[in-house]
Amino acid sequence: MSDHLSLAQALSINTGIWITFGLTLAIVILSVLLSRSFANPHARQFRLLFRILPLAPLFLCVWMLVSTLAGGWQVRGTTLEVRTDVGVTMVDLDRASADWVLPGGSYAPASRMYGTSAGNYQTGLFRLNNGETAVVYHVGHYPELAISDGHHLVLVSSKHVHMLAHRIAHVGAALAPAPNTSSVPIHWLATVAALSLSCLFVYLQIRLARAYRDRLPEKVVSHWGVGGKANGWMSRKSFLRVGIMVAVAFGVLFSGVSLLSWVGFGLCAYVQLVMWAAMKGAFEINARDADDPIHI
């Protein structure tokens, strides 16, 4: 006995997938236009940057689709496994009691702590009206069933929720008290991965600065307009430090974000790669045009 979303259901129920897909297409079009705008010989170094830009929304789109398809529940022997954005929660059905959740009742979800809430699709960790927290998997317009074995409290609402209710012998009995989960899950591995990746990019930025420090003019172009025309400058000394400082700042920021989700690690990889590609292009242009400022 189980309930999982099909691909068609996932695409129709989670509108965020379509939003990120549309954003991906928009950025692809923008990148093509910018690439053509920067097509003049002195700015071709930025082509790598324009190819990287659409990767962030594409990554988010794929992640949302995969996480939505991975959600659901199934009964294995006497164990109910509920898979949501917070991972897999297992409930011992031999010790479980359950009750139907009334709209506005004590077991009805009051606020989302961690996870997804899009229309009739809710998955993750939610705080209930009675102050308790529960893992929720809610899809569509179905009755919601609260189940507890004294160790975990879950709320399930999907196509086969009535079959699950019949599987539990004490539906309507008082729910066994379950420990209150007051904090969201911490992803230490994602944080370590993001921190390690950031250290790598800090090292790459240092190498980049060392490779070009003797080839740059005293006054460096730091910004270009849409047409590829220089419209911002700074000193060579400051410019050599920009990439390193930004890589450190992003490393700290996204290592913190990665504590909550592996998405933080993905965003860390994307932003650090974009920054490295942008700095590399800027270094190459300034070094090549150092003796020909007319083309900058």
Side-chain angles (χ1 to χ4, degrees), residues 4-39 43-72 83-87 112 114-119 121-124 139 185 187 189-198 200-202 204-205 224 226 228 243 246-247 249-282:
H4 296 275
L5 292 177
S6 65
L7 177 60
Q9 288 175 318
L11 291 174
S12 63
I13 205 165
N14 194 345
T15 55
I17 297 173
W18 292 105
I19 294 173
T20 53
F21 179 72
L23 188 59
T24 301
L25 291 181
I27 295 182
V28 167
I29 295 172
L30 178 62
S31 298
V32 172
L33 294 176
L34 288 174
S35 181
R36 290 181 178 179
S37 177
F38 278 74
R44 289 178 180 172
Q45 284 78 8
F46 287 116
R47 287 183 176 178
L48 174 62
L49 174 63
F50 299 141
R51 291 170 183 170
I52 295 173
L53 287 177
L55 294 181
L58 179 61
F59 163 76
L60 289 174
C61 181
V62 172
W63 175 80
M64 292 179 71
L65 178 61
V66 170
S67 62
T68 302
L69 289 173
R83 185 179 297 274
T84 67
D85 290 351
V86 296
R112 180 187 65 188
Y114 179 81
T116 303
S117 181
Y121 176 66
Q122 294 179 316
T123 172
V139 178
H187 299 270
L189 184 59
T191 304
V192 172
L195 188 59
S196 301
L197 185 68
S198 295
L200 171 62
F201 274 98
V202 169
L204 292 177
Q205 291 284 4
W224 287 262
V226 175
V246 173
F250 280 141
V252 174
L253 172 64
F254 288 109
S255 294
V257 175
S258 299
L259 281 169
L260 301 179
S261 172
W262 274 96
V263 175
F265 170 75
L267 292 176
C268 177
Y270 170 78
V271 172
Q272 294 282 21
L273 184 59
V274 166
M275 188 60 195
W276 176 83
M279 292 301 299
K280 185 174 184 295

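Just the heavy atoms: all of them, side chains too, but no hydrogens, waters or symmetry mates, feed the values below.
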Q: Can you name the nearest heavy-atom pair linking R112 to S117, along with the distance?
A: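 For R112 and S117, the tightest heavy-atom pair comes out as NH1-N, 3.2 Å.
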Q: Can you tell me how far the CG atom of L259 sits from the NE2 atom of H187, to the nearest 0.5 Å?
A: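 It is 9.0 Å, given to the nearest 0.5 Å.
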Q: Check S6 against L69 and note the closest heavy-atom contact, atom names and distance.
A: O-CD2, 3.7 Å
Q: Give, for atom OG1 of T20 and atom CG of L25, the distance between the pair rounded to the nearest 0.5 Å.
A: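 Rounded to the nearest 0.5 Å, the OG1-CG separation comes out at 10.0 Å.
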Q: Ignoring hydrogens and angles, write down the donor-acceptor pairs under 3.5 Å from the side chains of residues 269-278, residues two or more places apart or on other chains.
A:
residue : atom : partner : partner atom : Å
Y270    : OH   : L53     : O            : 2.7
Q272    : NE2  : S198    : OG           : 3.4
Q272    : NE2  : A247    : O            : 3.0

Q: Taking all non-hydrogen atoms of both residues into account, name the closest pair between W262 and A193 and its distance.
A: CZ3-CB, 4.2 Å
Q: What are the two closest heavy atoms between Y114 and D85, and how far apart are they?
A: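 In this case the closest contact between Y114 and D85 is CE2-O, 3.5 Å.
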Q: Rounded to the nearest 0.5 Å, how far does CZ of F254 lie from CG of L195?
A: 14.0 Å
Q: Could you go through the side chain to side chain contact (heavy atoms under 4.5 Å, CB included) check for L65 and L11 one step at a time?
A: CA-CA 8 Å; L65 178 61; L11 291 174; 4.0 Å; yes
Q: How far does CG of L60 sit from CD1 of I19, to the nearest 0.5 angstrom?
A: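 Interatomic distance, L60 CG to I19 CD1, rounded to 0.5 Å: 11.5 Å.
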Q: Check whether S261 reaches the backbone of S258 with its side chain - one donor and one acceptor, N or O, closer than 3.5 Å.
A: no
Q: Can you confirm whether more than 12 heavy atoms, excluding those of F21, are under 6.0 Å from its CZ atom?
A: no
Q: On a heavy-atom basis, which atom in I17 and which in A10 lie closest, and how many Å separate them?
A: CD1-O, 3.7 Å
Q: Any chance you could measure T123, atom OG1, to R83, atom CZ, to the nearest 0.5 Å?
A: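 The OG1 atom of T123 sits 10.5 Å away from the CZ atom of R83.
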Q: For residues Y121 and I13, report the shortest heavy-atom separation together with the two atoms involved.
A: CB-CG1, 3.9 Å
